[in-house]
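Structure first, commentary second.
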Amino acid sequence: MNADRTADPTRSSSPETSAEMEAASLDVVRLKHPLRWTASVVVLVGIVLFIKGAVSNEQLQWDVVGEYMFDSTIMDGLRTTMVLTAVCMLVAIVLGTIVAVMRLSPSPLLSWPAAAFVWFFRGVPALVQLIFWFNLALLVRTVTFSLPGIGTIIDAQTNDFMTPFVAAVMGLGLHEAGYMAETVRAGISSVDKGQTEAAGALGMNSRLTLYRIVLPQAMRLIIPPTGNATIGLLKTTSLVSVIAVGDLLNAAQNIYTRTFETIPLLLVVTFWYLVVVTILSIGQQHLENYFSKDVQAGRPKGLLRRTITNAFSLRRREVTS
Amino acid sequence: MSARSRTEGRPATPMVHAREVRKSFGSLEVLKGVDLDVERGQVVCIIGPSGSGKSTFLRCINHLEKIDHGLLLVDDEFIGYDLKRGRLHEARNAVVCERRAHIGMVFQSFNLFPHMTALENLVEAPVRVKGIGLKEARESALQLLDRVGLRDKADAFPRQLSGGQQQRVAIARALAMEPKMLLFDEPTSALDPELVDEVLSVMRDLVETGITMIIVTHEIGFAREAADRVGFMDDGVIIEIGTPDQVLTNPTSSRTKQFVSKVLK
């Protein structure tokens with residue numbers, strides 16, 4: 001081994017190299033990245049050109065954008081979009097959780113219909129479901145519900161109660177519930193079986209175990225996809241303009257079919273969608289942090305996160321002082 | 001009327017009374033008729049090769065596993081069953097929970113609640129199950145953490161603790177319910193070798209308090225010094241049970257002899 005090394009001329013340390021080593025500064029010079037720099041310059045030029053175009057292109061009509069930004073029609077549309085998102089998400093979360101728990105049941109009479117629910121409502125496109133619910137009257141003319149001895153409780157014309165808004169809630173809510181069911185199921189299944197056993201060994205019943213032990217841990221897996229789903233749903237609600245629900249997009253369409261100021265109004269719509277999405281993202285981040293306190297513990301909090309946490313502070317019972 | 005008061009004036013009954021306990025998973029019979037009596041205040045260690053059914057038997061005692069056949073009484077009560085019209089019927093969930101609350105259990109994998117601090121882990125069950133006031137529960141939880149030497153870790157989350165510390169918190173959590181008996185399911189098997197002693201020393205302190213303990217373990221040294229009785233289990237039955245000296249030094253059964261000679265090597 002030693003003989004090999006001395007025989008290899010490249011490995012032998014000549015007096016020159018050792019002298020060079022003696023003289024060298026021991027600070028390491030970082031590797032240069034010329035390609036990265038070139039690419040960055042190209043992107044920067046692109047950004048400058050884009051901003052210049054956006055400012056100078058008269059077709060964008062920034063003054064019109066400003067004029068309609070807080071227009072009452074737009075504000076009504078924005079409110080409808082937000083209410084619709086909230087109601088659909090609520091329906092999806094409640095229904096999705098029920099379906100998820102059913103799906104995890106040992107009884108096939110519960111788990112099988114739950115699987116069928118997911119298969120159907122997740123599988124059919126949201127737009128198709130929207131139009132279907134909107135046209136329910138073609139399938140069912142009247143809805144009656146009566147109990148023997150008490151008499152008729154509900155007797156209504158389908159067209160009277162299946163308003164565009166109700167159709168939108170049914171269509172989007174059920175579609176989203178199909179996804180939520182899978183999200184919640186994955187979350188619950190991810191919690192280690194040992195957690196349920198430990199809770200059981202402490203005498204906690206299954207309800208306590210679900211609420212205090214399993215769900216808080218499942219939340220970590222449930223929150224991120226649910227946040228994404230809420231943002232997705234917010235944008236999907238723009239589909240309801242086809243069944244004439246006065247959402248944000250529908251409001252803008254109503255204006256620009258009259259005034260032909262199409263681009264500026266779409267910019268207004270874009271602006272408001274981005275505002276709401278940004279607020280939702282911040283809320284999601286906060287919820288994620290809340291349900292992973294243990295992961296966050298010991299990590300220094302950045303200024304941004306502190307601000308966000310304080311701004312969206314949830315009620316939280318402290319056991320430790 | 002508590003189970004304890006019912007037994008007063010009569011000769012002391014054992015804390016655990018097991019007769020003919022059988023349990024199968026599918027077609028695999030794991031327990032093939034286990035008989036065991038554990039007297040009050042006794043410490044019993046159960047040793048045996050893996051797959052012999054020791055952990056399953058321990059889990060049957062507090063009904064984490066349901067038995068198929070046999071008698072299994074803790075403090076003169078069935079945990080998961082009721083005797084009605086000459087037959088054993090599975091008890092309702094709420095009843096099982098109420099009875100289980102008096103039996104502490106320590107798991108091989110600790111099973112602390114990861115989303116709660118050490119203190120919150122200890123406080124949870126006493127407050128939610130027993131309905132003790134938060135302040136009082138915190139007070140006694142801190143005392144228990146002190147007892148296992150972890151008072152300064154009260155606000156730490158499980159992931160911030162070493163395995164040995166987690167297991168000590170888990171022991172304190174079991175004690176927080178003031179159980180009449182403690183079950184240990186291989187409490188040191190998941191630990192790095194240098195962390196085993198801190199857990200065993202907490203367990204030694206518990207032995208001193210006189211609480212009934214059943215310990216499934218591979219720590220033969222601990223069994224020899226701390227146990228009143230050692231049981232050797234193999235293939236779903238307890239083959240031999242007696243003082244540590246009888247079972248570990250002069251076993252009568254050839255299977256016990258073989259096992260002991262292997263683990264003491």
Side-chain angles (χ1 to χ4, degrees), chain A residues 101 104-107 110 184 187-224 286-301 309 314-321, chain B residues 58-59 61-65 80 92-130 134-135 137-138 141-142 154-161 170 173-174 176-177 179 182-183 185:
Chain A
V101 173
L104 291 168
S105 161
S107 161
L110 291 175
V184 173
I188 292 178
S189 313
S190 76
V191 179
D192 183 48
K193 196 165 152 276
Q195 293 290 309
T196 333
E197 289 186 348
L202 287 165
M204 296 173 79
N205 60 32
S206 36
R207 207 177 58 88
L208 259 183
T209 306
L210 184 68
Y211 286 119
R212 298 288 305 168
I213 309 300
V214 176
L215 277 184
Q217 293 182 56
M219 278 305 185
R220 281 179 218 191
L221 247 85
I222 293 175
I223 293 288
H286 177 76
L287 271 179
E288 279 177 32
N289 292 346
Y290 177 79
F291 282 107
S292 54
K293 300 194 278 255
D294 58 315
V295 185
Q296 301 295 327
R299 277 192 204 167
K301 278 189 172 183
T309 310
L314 289 175
R315 190 177 61 88
R316 170 177 156 189
R317 200 174 54 124
E318 295 273 357
V319 172
T320 53
S321 49
Chain B
L58 196 75
R59 291 158 59 82
I61 295 176
N62 70 347
H63 202 60
L64 281 179
E65 305 288 356
R92 286 203 347 272
N93 202 328
V95 177
V96 179
C97 287
E98 205 279 319
R99 293 177 191 165
R100 264 212 293 238
H102 305 292
I103 305 172
M105 176 123 186
V106 176
F107 297 86
Q108 179 177 351
S109 48
F110 329 134
N111 294 348
L112 288 177
F113 306 133
H115 57 302
M116 298 180 179
T117 63
L119 187 64
E120 287 169 334
N121 263 281
L122 263 68
V123 164
E124 181 69 16
V127 170
R128 303 270 165 181
V129 177
K130 279 178 139 184
L134 188 60
K135 210 175 158 198
R138 276 192 51 186
L142 283 170
D155 294 330
F157 286 97
R159 56 181 287 138
Q160 296 170 303
L161 301 173
R173 179 176 69 176
M177 288 297 280
L182 283 171
L183 308 175
D185 187 4

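Chain A is the first sequence line, chain B the second, and so forth, proteins listed ahead of strands; every chain is numbered from 1.
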- In terms of heavy-atom pairs under 4.5 Å, which option from A:Gly200, A:Pro216, A:Ala199, A:Ser206 contacts chain B the most?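 Answer, by heavy-atom pair count under 4.5 Å with chain B: A:Gly200.
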
- Query: Which residue out of A:Asn205, A:Ile213, A:Leu208 racks up the most heavy-atom pairs below 4.5 Å with chain B?
  - Reply: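 It is A:Ile213.
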
- Measuring heavy-atom distances to chain B, does A:Arg207 have an atom under 4.5 Å in its side chain, in its backbone, in both, or in neither? neither

Quick one: what part of [X] sits under 4.5 Å from any heavy atom of chain A, side chain, backbone, both or neither?
X: B:Arg59; result: side chain
X: B:Phe107; result: side chain
X: B:Leu64; result: side chain

Tell me whether [X] contacts the main-chain N or O of [Y] through its side chain, where contact means a donor paired with an acceptor under 3.5 Å.
X: B:Asn62; Y: B:Ile103; answer: no
X: B:Glu98; Y: B:Val95; answer: no
X: A:Gln195; Y: B:Leu112; answer: yes

- For A:Ser189, enumerate each residue passing the side-chain contact (heavy atoms from CB on, under 4.5 Å) test, keeping only those at least two apart in sequence or located in another chain.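 Applying side-chain contact (heavy atoms from CB on, under 4.5 Å) to A:Ser189 gives A:Leu104, A:Arg185.
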
- Query: Among B:Arg173, B:His63, B:Met105, B:Arg99, which residue forms the greatest number of heavy-atom pairs with chain A at distances under 4.5 Å?
  - Reply: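 Heavy-atom pairs under 4.5 Å are most numerous for B:Arg173.
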
- Options B:Gly104, B:Ala125, B:Pro114, B:Ala176, ranked by heavy-atom pairs under 4.5 Å with chain A, top entry: B:Pro114

- Apply salt bridge (Lys or Arg N to Asp or Glu O under 4.0 Å) to A:Lys193 and list each qualifying residue two or more places apart in sequence or on a separate chain.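 For A:Lys193, the residues satisfying salt bridge (Lys or Arg N to Asp or Glu O under 4.0 Å) (neighbours in sequence not counted) are A:Glu197.
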
- Item | Geometric cation-pi criterion B:Arg128 and A:Tyr211, 6.0 Å radius, 45° cone | no

